[in-house]
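Inspection log for the structure reproduced underneath, given as structure tokens.
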Amino acid sequence: MSRPFRFGVNLLEPASGEAWRAKCRRAEELGYDVILVPDHLGMPAPFPALVAAAEATERPRLGTFTLNAGFWNPALLAREVATTDALTGGRLELGLGTGYVRAEHESAGLPFGSPGERVDHLRRTVEELKRLLGSDEHRPQAAQRPRVPLLIGGNGDRMLRLSAEHADIAAFTGARSVPGSATGQLTAITAEELDERVARYLKFAEDYREEPPELNLLLQMVIVTEDREAAVQPFLEHLPDMTVHQVLELPVSLIGTLDDIAEQVRARRERYGFTYLTVLEPYMEAFAPVMERVRGA
């Protein structure tokens, strides 16, 4: 039996304390299950933002989506995770990734490294967090035991294996980094390519877990419209190698009437197994009626 749907919103825009709390309350009112914060320079600092979100809300889980492991020393990160989990009453979900924006590392004076080095650092971080936060001697202690739920995001084989081995939630971006881009430019992958990546992950997971994992997809676009083809025309110049049909079929895009989009959400679950979907802040309001349509489905 499939897991029930969960829906998260990734809040990107900095705000005053009052405006931030109002935004989080609105996400709760709309029915989002998880309030998430990314880890990019120029966006809100994840852990204080999540503590403020917890103070403004009662129900939603709170997550990092995803932390840039290259910004963090594992011992200092363990302190942040444990403190935040305690202050939020055990509502934290920890999302981790390698980081993909070279320019941010350069601005912070931190090494970026090769893709392999970044995965190596993430693995060390995950293993050290498990050791530290799993110890009864660690101070501070997280509220959740035996550990804070872990999400790992990535598409490459080594990342998928790491996720299969350690994560409670496997997150897929539906995109890949453009080689040589210092700004973290991404390009979408096709539905067929995502089929292959999910199948690869599930194959790895057979070696490490008995229970089916929770699968997450980050949605890049939600457009409610009666004219699907017209809605994607402005995006074609950014996807020069794709036809209108291919853009409409991208896994990370939901385009159509509310009923169309609800059916697309169900189709993502049927085809790939995605039951946890994350939308970006600009689409928080537009996606809310879709959640109402698919709850309990």
Side-chain angles (χ1 to χ4, degrees), residues 8-17 19-20 23 35-53 62-85 87-88 92-133 138 140 142 148 150-156 158-159 162-163 166-167 171-173 175-187 216 218 220 278 280-282:
V9 57
N10 208 20
L11 300 182
L12 313 176
E13 292 297 323
S16 68
W20 181 261
K23 181 161 52 176
I35 293 172
L36 300 153
V37 181
D39 190 18
H40 290 293
L41 298 184
M43 295 185 185
F47 292 113
L50 293 176
V51 171
L62 307 157
T64 58
F65 198 85
T66 58
L67 288 187
N68 180 344
F71 287 173
W72 295 93
N73 169 289
L76 299 179
L77 180 55
R79 181 183 65 177
E80 296 289 327
V81 170
T83 299
T84 302
D85 193 48
L87 293 178
T88 61
L92 181 64
E93 296 184 2
L94 176 64
L96 289 172
T98 59
Y100 61 93
V101 185
R102 178 187 294 274
E104 291 186 346
H105 287 74
E106 293 173 350
S107 295
L110 295 168
F112 186 59
S114 67
E117 289 169 336
R118 295 198 299 279
V119 176
D120 288 342
H121 176 70
L122 177 59
R123 175 173 286 277
R124 289 192 297 270
T125 299
V126 168
E127 292 173 350
E128 187 67 359
L129 285 175
K130 184 176 181 180
R131 183 186 70 82
L132 291 169
L133 296 176
H138 186 268
V148 173
L150 176 64
L151 173 151
I152 293 179
N155 287 337
R158 292 188 65 205
M159 287 293 291
L162 179 63
S163 181
H166 290 287
F172 294 79
T173 63
R176 64 170 60 89
S177 297
V178 174
S181 172
T183 59
Q185 183 181 356
L186 300 173
T187 184
N216 170 275
L218 173 60
Q220 298 287 340
T278 300
L280 300 172
E281 181 176 346

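Atoms considered below: every heavy atom in the structure, side chains included; atoms not considered: hydrogens, waters and symmetry mates.
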Indicate every side-chain donor-acceptor pair of residues 66-75 with a distance under 3.5 Å to a residue at least two apart or in another chain.
{"residue": "N68", "atom": "OD1", "partner": "G70", "partner atom": "N", "Å": "3.0"}
{"residue": "W72", "atom": "NE1", "partner": "D39", "partner atom": "OD2", "Å": "3.1"}
{"residue": "N73", "atom": "OD1", "partner": "A75", "partner atom": "N", "Å": "2.8"}
{"residue": "N73", "atom": "OD1", "partner": "L76", "partner atom": "N", "Å": "3.2"}

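- Annotation for G95 and T64: closest pair N-OG1, 2.8 Å, computed over non-hydrogen atoms.
- Separating the CG atom in N155 from the OG1 atom in T173 is a distance of 4.0 Å, to the nearest 0.5 Å.
- Residue T88 comes nearest to V51 through the heavy atom pair CG2-CA, 4.1 Å, listed as atom of the first residue, atom of the second, then distance.
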### Task
Just do the side chain to side chain contact (heavy atoms under 4.5 Å, CB included) check on F112 and V101 with the steps written out, would you?
CA-CA 8 Å; F112 186 59; V101 185; 5.9 Å; no
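- Once rounded to the nearest 0.5 Å, the distance linking CG of L62 with CG of L94 reads 12.5 Å.
- The distance from atom CG of L162 to atom CD1 of I152, rounded to the nearest 0.5 Å, is 4.0 Å.
- With sequence neighbours left out, H40 forms a ring pair (Phe, Tyr, Trp, His ring centres under 6.0 Å) with Y100.
- Tested against L122 for a side chain to side chain contact (heavy atoms under 4.5 Å, CB included), the candidates V126, V119, D120 yield a single pass: V126.
- Using a 4.5 Å cut-off on side-chain heavy atoms (C-beta onward), R79 and P140 make contact.
- For the atom pair L11 CG and L36 CG, the distance stands at 7.5 Å (nearest 0.5 Å).
- With hydrogens and angles ignored, the 3.5 Å screen pairs no side-chain donor or acceptor of S163 with any backbone N or O of M159.
- In plain terms, the two heavy atoms of E281 and L12 that are nearest each other are OE1-N, 2.7 Å.
- Once rounded to the nearest 0.5 Å, the distance linking CG of L218 with CZ of F172 reads 12.5 Å.
- Atom NZ in K130 sits 13.0 Å away from atom CG in L132 (nearest 0.5 Å).
- In summary, K23 and E13 do not engage in a salt bridge, as defined by a charged side-chain N under 4.0 Å from a carboxylate O.
- A salt bridge does not link E127 to R124: none of the charged side-chain nitrogens sits closer than 4.0 Å to a carboxylate oxygen.
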### Query
Can F47 and T83 be said to form a side chain to side chain contact (heavy atoms under 4.5 Å, CB included), step by step?
CA-CA 9 Å; F47 292 113; T83 299; over 6 Å; no
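- For the residue pair H138 and A78, the shortest heavy atom distance occurs at NE2-CB, 3.8 Å.
- Contact annotation: the side chain of L129 approaches that of L96 to within less than 4.5 Å [non-hydrogen atoms, C-beta and beyond].
- In terms of heavy-atom proximity, P38 sits nearest to M43 at CG-SD, 3.5 Å.
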